[in-house]
Amino acid sequence: MLVRLMYASRAKSSITTSLTDTILEQSKRNNSPIGVTGILCFSDDVFLQVLEGGRQAVTSLYSKIATDPRHHSLQLLSFKEIDERRFVNWRMGQVNLAKINTATLLKYSEQASVNPFSMSGDQCEALLNELITSAAISGR
Ligand code: FAD
């Protein structure tokens with residue numbers, strides 16, 4: 001049984017490369033053995049993450065991530081059973097949303113900066129699908 005979970009959160013302090021490097025390193029090290037794939041998007045002080053994998057693995061991982069003091073105000077945007085993975089190529093891909101072109105962001109959000117807290121789960125998912133097709137996701 002595969003599921004896809006998407007949530008948004010706010011970083012405790014502004015997001016630096018060193019912070020995202022550490023989180024991505026932990027994610028890549030830990031997610032492979034439990035069969036979880038996904039991507040981590042970030043901009044200013046906001047994280048938007050997708051986790052895909054077995055229901056138990058994804059649920060347990062989300063519970064662990066939710067207690068991480070490096071972020072707060074987690075909002076679950078979507079949790080659904082899926083037939084196939086969309087982010088199968090990424091143990092934890094990354095997208096710096098500040099580098100995405102304005103038109104792509106404006107297509108789905110009120111402002112040319114991403115605020116997943118004011119977007120629907122469907123809009124966030126559509127934005128992420130566009131990031132895949134435009135090859136905006138780095139890391140594996
Ligand atoms: P760590 O403190 O990283 O390490 C624990 C043990 O592993 C220690 O014994 C240490 O010695 C050993 N170790 C450390 N580094 C290495 C290394 N390079 N090689 C071998 N052993 C090592 N975590 C995830 O797992 N997956 C995610 O997708 C994820 N997403 C996150 C998203 C956000 C927005 C945030 C804020 C955090 C996320 N995290 C994620 C981090 C998560 O909250 C935990 O901090 C993390 O999972 C803890 O990892 P750990 O148990 O390996 O502990």
Side-chain angles (χ1 to χ4, degrees):
M1 162 70 60
L2 284 172
V3 299
R4 179 181 305 122
L5 181 154
M6 182 168 45
Y7 75 89
S9 66
R10 292 198 186 281
K12 189 179 174 198
S13 47
S14 63
I15 297 173
T16 60
T17 305
S18 143
L19 175 62
T20 54
D21 282 354
T22 305
I23 292 171
L24 288 162
E25 194 271 321
Q26 289 178 311
S27 304
K28 288 173 184 171
R29 174 160 39 87
N30 295 333
N31 293 359
S32 281
I34 58 170
V36 170
T37 53
I39 60 168
L40 178 68
C41 305
F42 47 88
S43 176
D44 303 323
D45 68 336
V46 171
F47 289 113
L48 172 61
Q49 188 175 32
V50 181
L51 302 169
E52 292 178 333
R55 184 165 55 197
Q56 182 61 55
V58 168
T59 309
S60 302
L61 178 57
Y62 178 66
S63 301
K64 177 164 91 162
I65 293 171
T67 64
D68 194 312
R70 293 171 290 187
H71 64 165
H72 60 90
S73 307
L74 276 75
Q75 243 180 54
L76 194 55
L77 301 173
S78 147
F79 180 83
K80 58 170 81 159
E81 293 173 0
I82 53 172
D83 292 330
E84 56 186 45
R85 294 174 196 247
R86 197 167 288 150
F87 303 97
V88 67
N89 291 322
W90 296 277
R91 287 174 298 163
M92 191 49 60
Q94 58 177 306
V95 181
N96 182 346
L97 293 169
K99 295 188 174 164
I100 300 303
N101 82 56
T102 310
T104 303
L105 300 180
L106 275 175
K107 194 165 164 188
Y108 302 104
S109 49
E110 293 171 15
Q111 304 288 331
S113 59
V114 170
N115 180 3
F117 294 96
S118 68
M119 293 165 70
S120 69
D122 285 348
Q123 282 174 320
C124 290
E125 210 165 308
L127 171 63
L128 296 175
N129 287 339
E130 187 139 340
L131 296 179
I132 296 178
T133 53
S134 64
I137 305 172
S138 59
R140 286 285 160 185

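Both ligands and their constituent atoms are indexed starting at 1 by order of listing.
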(message) Test of understanding: with side chain to side chain donor-acceptor pair (under 3.5 Å), list the residues that count as partners of Ser118, not counting sequence neighbours.
(response) none
(request) Please determine if Tyr7 has a nitrogen or oxygen closer than 3.5 Å to a nitrogen or oxygen of ligand 1. (result) no
(message) Looking only at protein heavy atoms, which one is nearest to atom 27 (C) of ligand 1, and what is the separation?
(response) Ser27 OG, 3.0 Å
(request) Give the numbers and elements of all ligand 1 atoms closer than 4.0 Å to a heavy atom of Ile23. (result) 31 (C), 32 (C), 33 (C), 35 (C), 36 (C), 37 (C), 38 (C)
(request) Closest by any non-hydrogen atom to atom 51 (O) of ligand 1: pick that one out of Lys64, Lys12, Glu25. (result) Lys64
(message) What protein heavy atom lies closest to atom 42 (C) of ligand 1? Include the residue and the distance to one decimal.
(response) Asp68 OD2, 3.4 Å
(request) Please identify which atoms of ligand 1 are closer than 4.0 Å to at least one heavy atom of His71. (result) 34 (C), 36 (C)
(request) Could you pull out the closest heavy-atom pair between Asn31 and Arg91, with the gap in Å? (result) ND2-O, 3.5 Å
(request) Return the set of residues passing side-chain contact (heavy atoms from CB on, under 4.5 Å) with Ile82 (not counting sequence neighbours), or none when no residue passes. (result) Leu2, Arg4, Glu52, Lys80
(message) Quick check on atom 6 (C) of ligand 1 - does any protein heavy atom sit closer than 4.0 Å to it?
(response) no
(request) Locate the shortest heavy-atom distance separating Met6 from Gly121; write the atom from each residue and the value. (result) CE-O, 3.4 Å
(message) Need the ligand 1 atom indices (1-based, order shown) with element for anything under 4.0 Å from a heavy-atom of Leu51.
(response) 28 (O)
(request) Just jot down the ligand 1 atoms closer than 4.0 angstrom to any heavy atom of Asn30, in number order. (result) 25 (O), 47 (O), 49 (O), 50 (P), 52 (O)
(request) Go through ligand 1 atom by atom and flag the ones less than 4.0 Å from a non-hydrogen atom of Gln49. (result) 27 (C), 28 (O), 29 (C), 30 (N), 31 (C), 32 (C)
(message) Closer than 4.0 Å and a protein heavy atom, does any atom meet both conditions relative to atom 31 (C) of ligand 1?
(response) yes
(message) As an exercise, identify every atom of ligand 1 less than 4.0 angstrom from a heavy atom of Asn31.
(response) 24 (C), 25 (O), 26 (N), 27 (C), 28 (O)
(request) Could you state whether Trp90 and Ile34 fall into the same hydrophobic cluster, counting links through intermediate Ile, Leu, Val, Met, Phe, Trp or Tyr residues with side-chain heavy atoms under 4.5 angstrom apart? (result) no
(message) My understanding is that we take every heavy atom of each candidate and find the minimum distance to atom 19 (N) of ligand 1. Doing that for Met92, Arg10, Arg70, Arg29, which one comes out nearest?
(response) Arg29
(message) For atom 2 (O) of ligand 1, what is the closest protein heavy atom, and at what distance to 0.1 Å?
(response) Gln26 NE2, 4.0 Å
(request) Could you tell me whether atom 10 (C) of ligand 1 has at least one protein heavy atom nearer than 4.0 Å? (result) no
(message) Is there a continuous path of hydrophobic side-chain contacts, each under 4.5 Å between heavy atoms, that joins Val95 to Leu128?
(response) yes
